[in-house]
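The chains referred to below are lettered A, B, ... by the order of the sequence lines, with proteins before strands, and numbering in each begins at 1.
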Amino acid sequence: MKNYLDELNEPQRLAAETTEGPLMVIAGAGSGKTRVLTYRIAHLIEKGVDPFNILSLTFTNKAAREMKERISAVIGASEAKSLWMGTFHSIFARILRVEATKLGYPSDFTIYDSQDAQSVMRKVIDELQLDKDIYKAKQVLHRISQFKNNLITVRAYQNTPELMEADAAAMKPRMGDIYRAYVDRCFKSGAMDFDDLLLRTNEVLTRFPEVLAKYQERFKYILVDEYQDTNHSQYLIVKALASRYENLCVVGDDAQSIYAFRGANIRNILSFQKDYADAKVIPLEQNYRSTKTIVGAANQVIAQNRDQLEKNVWTANEDGETIPVYRALSDADEARYVASQIFELQMTQHLKNDQIAILYRTNAQSRAIEEALRKRSLPYRVFGGTSFYQRKEIKDLVAYLRLLINQNDEEALLRVINYPVRGIGQTTINKLMIAADELQITVFQVLENIRQYAAKLGINAGTVNKLDEFMTMMKSFQVMLKSHDVYEVSMHVAKTTKLIGMLKEDDTPEGISRLENIQELLNSIQGYVEEQKQLDEGDPSLSGFLENVALSTDADNEDDDKNKISLMTVHLAKGLEFPAVFIVGLEENLFPSMMNLNTRQELEEERRLFYVALTRAEKFAHLTYSVSRFRWGKITDSEPSRFLEEIDDKYLDWKNLNVGLPINNSGLNTNLFDDYNDIPKFERKEKPAKNTETSSFIPKAKMKPVAEAKITNQANGEAVNLAADKIVVHDRFGRGKVISLEGEPGNVKATILFDNAGEKKLLLNFAKLKVIV
DNA sequence: TGGGTCGTATTTTTT
DNA sequence: ATACGACCCA
């Protein structure tokens, strides 16, 4: 082993060498936190600590894997193998496989992802005969998630009048009933949702002291990365496990806390010194990642936040280039600019694709960017979004597999019992569910004795046969699972159920891609089995694979061809770094998000998010915003983000401010040649006023008034000319009178005053209008 | 029972 | 615009 400690600076080295007792490392952005964690673990092992006794909790599977690789490189792969390193959810799922039976769960419990949870919730709301428009499944689940993350059980909820009053005030007085029904239903299905994995871990550690003692003894050294993003439930688990030896090292940066919406409690990091009186605190303030310009700009932004620990991130790196801020005319223009700048960077700086990232606030923004990159034949990869495992065809096959492992998994059963179609309709399913409820057993158990119940349930003989066939098929799979490996069984299931056959018949591009996805899933099962067989502690079982499926995200899957531009949300980019970073969509109501403008705390989280985004960049950062954007199916005007105004102009290079003004006289798409550097630069007159209310900051592109526009009259399908004062009828808004038209031929926006709906601006390309007069 | 059409929400971020 | 769920009809 090398003298790895020599590669660290003073505070880094101190953090790596302080192995005993509670330690908090406040690691500013780019300050070499992963390096410290890696060397700290290596150092522990070097000192003679058994890797078996080290628990390292990271925020993503990806971070865990990367760190494990780096540790392997320092101490050797065989030593690193027995380290427990992973996300809270995956580590504690693993522990619960052993311990959950104590709480009445099967050891092969299913993990419900958010889709499953929502489906369960919809059924619960339906069964309680509640209005689904008031009790929105997603919202209700979010509320329940809050309860669970704060260890408020159903009983605790019902003993807490404040909570019940709050829900009643929010027009949801039945929240408690829903909570109970949801929990019951998951329990009956032998399933845990994401929050349960933490909640039940807490429960088992609290109720069974011998279990707690076992893991305290095992995990003598605990490291937690991204501590600022732990929620209360995670905090309690760490506290309980560490309370015996107190060899707890937490690493985090309050300025990068971006998961409050998910229950992350920034107070966990702010009050670490209160929890552990003899805690050492080591700040890492030197940034090794970014240029002075980027660090300076980021510091200015984050300084606007009130809630933060004192710290001073600095860098000895070069000044670097000023940060271009491009004002786009539309989302398409923004995307084109980004693509052209990437091209430029590759030409002048010789950057490779994988050194470039494009970051956005919402997944929906990737679409326009993708289009522009494709046009320039730039290879890219989109992280996140609808992940592989959430695709319908994948969930279908996985549901069969889940059902093999846990027959009580009602979500899985209901998903596949009539898919592919085998003549078992909703009526039959309802009967089965009612029977299961009355008999206090699961639907699967009803099916096992269907002939016994059929008459009582009024299910006719033909349907009984179909149900029987389904059960026989499932049983045959189960038998096969005992003697064959997981890949063979999965392949057999996919064929026998006709899932594959059905997709083969579909020769649309979507159908083909679905089939490919199924193939990819089967491949990944095979890969998983082979990989696990190689490991000492490997688990090549089906339940092992399914756990992986439930807890892994898209970002965790490796791509063979790595030389691609990365597209992802800012959240996903946390912990990563790139030589060049584009942050797009810097507009009010988008970044910061419209949903987070209500309180100072919410806005500060958005600001931290921007801070995270900016500090991903090593050498080149580009910022863009657009004066208009396609959102919710229509063009929306937007203002530049307030975060841009918080950065001193000395760091920024404003671009394209004059284009698209009336003087250009050309509406949208001014730049025909993508040559942004030739656009004459106009001096900006003054720094934009804080709290802009006026549009004086940067004028919006004005649409040119037009006298008339051709549209297809929905009344008779004929082309007619639309002009001011015409009377039209719209499906949704009813009768109205055209006030004015603006834009350019082929892209005209009409202002129409509707009798009942008021004044609306409609794009004639999309609006369906009947012309009356 | 199954397939089709219609209407509505969707765009905040994730384990 | 799109995708999903609800509803209706054959």
Student: Would A:Arg642 and A:Glu587 pass as an ion pair if we require N to O under 4.0 Å?
Tutor: no

Student: Ignoring the backbone of A:Ala364, work out which of B:dT11, B:dT13, B:dT15 is nearest its side chain.
Tutor: B:dT11

Student: What pairs with A:Asn150 under side chain to side chain contact (heavy atoms under 4.5 Å, CB included), at least two apart in sequence or on another chain?
Tutor: A:Ile152, A:His232

Student: For the pair A:Asp396 and A:Arg415, evaluate salt bridge (charged side-chain N to carboxylate O under 4.0 Å, His left out) and give the outcome as yes or no after the intermediate values.
Tutor: CA-CA 7 Å; A:Asp396 290 334; A:Arg415 186 171 187 112; 2.8 Å; yes

Student: Fit a plane to each ring of A:Phe591 and A:Phe610, take the angle between them on a 0 to 90° scale, and name the class: parallel (under 30°), tilted (30 to 60°) or perpendicular (over 60°).
Tutor: perpendicular

Student: Specify the residues of residues 83-99 of chain A, ordered by number, for which at least one heavy atom lies under 4.0 angstrom from an atom of DNA chain B.
Tutor: A:Thr87, A:His89

Student: Below 6.0 angstrom between ring centroids: does that apply to A:Phe59 and A:Tyr259?
Tutor: yes

Student: Does A:Asn363 have a side-chain nitrogen or oxygen under 4.0 Å from the phosphate oxygens OP1 or OP2 of B:dT13?
Tutor: yes

Student: Measure CE/A:Met595 against P/B:dT11 and give the value in whole Å, please.
Tutor: 10 Å

Student: Heavy-atom count check: over 12 atoms from other residues, nucleotides or ligands less than 6.0 Å from A:Lys392 NZ?
Tutor: yes

Student: Would you say the side chain of A:Arg361 and the base of B:dT11 hold a donor-acceptor pair, judged only by whether the two atoms sit under 3.5 Å apart?
Tutor: no

Student: Look at the side-chain N and O atoms of A:Asn231 and state whether any lies under 4.0 Å from the OP1 or OP2 oxygen of B:dT15.
Tutor: no

Student: Grab the CE-P distance between A:Met568 and B:dT14 for me, whole Å please.
Tutor: 11 Å

Student: Would you kindly give the CG-to-P distance between A:Leu609 and B:dT12, to the nearest whole Å?
Tutor: 14 Å

Student: Does A:Lys138 have a side-chain nitrogen or oxygen under 4.0 Å from the phosphate oxygens OP1 or OP2 of B:dT11?
Tutor: yes

Student: Side-chain contact, heavy-atom cut-off 4.5 Å: A:Tyr227 with A:Val251?
Tutor: no

Student: Measure from the side-chain heavy atoms of A:Glu606 and tell me the nearest of B:dT11, B:dT14, B:dT12.
Tutor: B:dT12

Student: For A:Gln365 and B:dT12, what is the distance between atoms CD and P respectively, to the nearest whole Å?
Tutor: 11 Å

Student: Once you round it to whole Å, what is the distance between P of C:dT2 and NZ of A:Lys392?
Tutor: 20 Å

Student: Whole-Å distance between B:dT14 C1' and A:Ile258 CD1?
Tutor: 10 Å

Student: side-chain hydrogen bond (donor to acceptor under 3.5 Å, both in side chains) for A:Asp108 and A:Ser543? Distances and angles first, verdict last.
Tutor: CA-CA 7 Å; A:Asp108 278 330; A:Ser543 61; 3.3 Å; yes

Student: For a side chain to side chain donor-acceptor pair (under 3.5 Å) with A:Glu411, tell me which candidate from A:Arg402, A:Lys123, A:Arg185 qualifies.
Tutor: A:Lys123

Student: Indicate whether OP1 or OP2 belonging to B:dT15 is found under 4.0 Å from a side-chain N or O atom of A:Arg262.
Tutor: no

Student: Would you indicate which nucleotide in C:dA6, B:dT12, C:dT2 comes nearest to any side-chain atom of A:Asn596?
Tutor: B:dT12

Student: What is the distance, to the nearest angstrom, from the NZ atom on A:Lys136 to the P atom on C:dG5?
Tutor: 15 Å

Student: What is the distance from OH of A:Tyr259 to P of B:dT15, rounded to the nearest Å?
Tutor: 6 Å

Student: Please list, in numerical order, the residues of residues 416-435 of chain A that have a heavy atom closer than 4.0 Å to any atom of DNA chain B.
Tutor: A:Asn418, A:Val421, A:Gly423, A:Gly425, A:Thr427, A:Thr428

Student: Strictly below 4.0 Å: does A:Ser593 bring a side-chain N or O up to OP1 or OP2 of B:dT11?
Tutor: no

Student: In terms of the nearest nucleotide of DNA chain B, which residue is placed more toward the 5' end: A:Ala550 or A:Met594?
Tutor: A:Met594

Student: Can you confirm whether or not the ring centre of A:Phe261 sits under 6.0 Å from the ring centre of A:His571?
Tutor: yes

